Amino acid sequence: MYTQALDLPPSPEDKSVVRLAHTAPDQADLQAAFDRRIDADGRIEPQDWMPEAYRKTLVRQISQHAHSEIVGMLPEGNWISRAPSLKRKTILIAKVQDEAGHGLYLYSAAETLGTSRDEMLAALHSGKAKYSSIFNYPTLNWADVGVIGWLVDGAAIMNQIPLCRCSYGPYARAMVRVCKEESFHQRQGYEALLSMMKGTAEQHALVQDAVNRWWWKCLAMFGPPDDQSPNSAQGMRWGIKRISNDELRQKFVDATVPQAELLGVTLPDPDLKWNESRQHYDYGAIDWDEFWATVNGNGPCNKERLATRVKAWNDGQWLRDAALAHARKESQRTRQEAA
Ligand code: FAQ
């Protein structure tokens with residue numbers, strides 16, 4: 001995975017690449033070959049020709065996904081120093097570190113499309129790029145950390161498993177490893193909640209309160225309803241998205257209700273009930289106004305999250321400068337030795 005950033009299509013300036021203009025296929029042939037590959041459920045790799053709109057859609061989705069992983073470290077990272085035991089602290093540090101790794105695989109996958117990491121980060125830091133709405137809510141107590149693992153990672157896995165079959169090779173391959181790790185994250189969250197539910201009435205109340213605050217946000221995380229999702233039809237046609245926002249949301253509800261029963265918490269939705277004819281759970285209305293306000297920068301923690309990321313970037317400038325200066329000196333030394 002880490003080597004994929006090196007696997008880029010040749011740049012037009014690269015004179016080592018011989019281009020046979022008279023034998024080059026025209027745009028229509030390239031498009032037809034791409035369409036055939038997509039129709040046959042094949043993979044598109046970085047060196048392959050692809051329509052600009054496909055490339056742009058992938059950069060948008062993969063970079064947003066990478067930003068979500070990196071910003072997603074903040075709500076839980078906030079609890080590392082206050083974890084209730086050494087065991088929980090170790091697990092949480094490992095989980096937050098995994099999220100950093102996911103961000104790095106994803107930035108690498110997006111770089112294979114010809115967009116630099118600096119460009120992607122500049123878009124995040126200026127507020128132009130999106131990241132998942134879910135990370136703009138506060139973590140008020142330790143139960144929130146368990147609920148993020150159970151529900152947020154649970155929702156993330158539901159959305160990401162189909163991305164392992166995405167038509168773009170580097171993204172699909174990154175997702176295989178990400179999903180394995182997310183599965184551990186989901187289980188550690190559920191297990192932390194199970195042990196709280198074996199505790200005092202106060203601990204039960206903390207878990208129930210956290211579930212009440214996160215449930216609807218997790219349902220919204222899957223994105224707008226299918227009939228209001230501008231990117232879905234084309235994303236499905238290109239094999240980037242395999243299952244629609246609403247279908248994934250339904251799968252998440254169906255999988256989570258029995259887990260909530262086992263845990264002993266109530267999901268905060270009076271309309272939640274099994275529908276025998278649909279063979280699915282019905283659920284109540286999601287507050288889309290709140291979702292869009294959060295996506296557009298006006299959630300409870302948007303400003304704080306972005307300010308933290310910008311500060312981290314600025315504070316790390318000296319290290320990037322030092323690494324570049326070291327690399328320059330080393331290549332100078334190698335050239336001198338070779339001369
Ligand atoms: N938040 O037309 P659609 C995680 C935007 S990773 C913010 O349906 P699309 C791991 C969407 O971008 C969580 N914006 O778009 C973890 C679009 O805006 P644009 C992140 C959202 O792309 C766990 C507009 O609304 N996962 O949690 C959201 O077809 C714990 C219209 O929407 C991914 O990124 C939202 N929730 O479908 C880390 C997975 N939903 O770009 C730490 C990859 C929609 O046109 C701790 N991404 N929007 O300006 C995807 O699967 C898709 O991009 C969707 C959206 C499903 C998110």
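Remember, it's 1-based here, ligands and their atoms both numbered in the order they're listed. The model shown is predicted, which means the values in this text are computed figures rather than measured ones.
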*Asks:* Should we count CD of Gln97 as having more than 12 external heavy atoms under 6.0 Å?
*Replies:*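 Count not over threshold, so no.
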
*Asks:* What orientation do Tyr105 and His102 show, parallel under 30°, tilted 30 to 60°, or perpendicular over 60°?
*Replies:*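 Answer is tilted, since the angle falls between 30° and 60°.
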
*Asks:* Report the relative orientation of the aromatic rings in Trp49 and Phe34; use parallel for angles under 30°, tilted for 30 to 60°, perpendicular for over 60°.
*Replies:*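 Aromatic pair Trp49/Phe34 classed perpendicular.
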
*Asks:* Between Ser229 and Asn231, do the side chains contain a donor N or O and an acceptor N or O under 3.5 Å apart?
*Replies:*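 No.
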
*Asks:* Does Gln27 have any side-chain hydrogen bond (donor to acceptor under 3.5 Å, both in side chains) partners at least two apart in sequence or in another chain, and if so, which?
*Replies:*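 None.
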
*Asks:* Is the number of heavy atoms from other residues, nucleotides or ligands under 6.0 Å of Arg320 CZ greater than 12?
*Replies:*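 Result for CZ/Arg320: enclosed.
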
*Asks:* Can you produce the list of protein nitrogen or oxygen atoms under 3.5 Å from a nitrogen or oxygen of ligand 1, alongside each distance?
*Replies:*
from, atom 1, to, atom 2, distance (Å)
ligand 1, 1 (N), Ser133, N, 2.8
ligand 1, 1 (N), Ser133, OG, 3.4
ligand 1, 2 (O), Ser229, OG, 3.0
ligand 1, 2 (O), Pro230, N, 3.3
ligand 1, 2 (O), Asn231, N, 2.9
ligand 1, 2 (O), Asn231, ND2, 3.1
ligand 1, 8 (O), Ser229, OG, 2.7
ligand 1, 8 (O), Asn245, ND2, 2.9
ligand 1, 12 (O), Gln64, OE1, 2.9
ligand 1, 15 (O), Asn231, ND2, 3.2
ligand 1, 18 (O), Lys130, NZ, 3.4
ligand 1, 22 (O), Arg60, NH1, 3.1
ligand 1, 22 (O), Arg60, NH2, 3.1
ligand 1, 29 (O), Lys241, NZ, 2.6
ligand 1, 36 (N), Ser133, OG, 3.1
ligand 1, 36 (N), Met221, O, 3.0
ligand 1, 37 (O), Lys241, NZ, 3.0
ligand 1, 41 (O), Arg60, NH1, 2.8
ligand 1, 41 (O), Gln64, NE2, 2.8
ligand 1, 45 (O), Asn231, ND2, 3.0
ligand 1, 49 (O), Lys130, NZ, 2.5
ligand 1, 51 (O), Asn159, ND2, 3.0

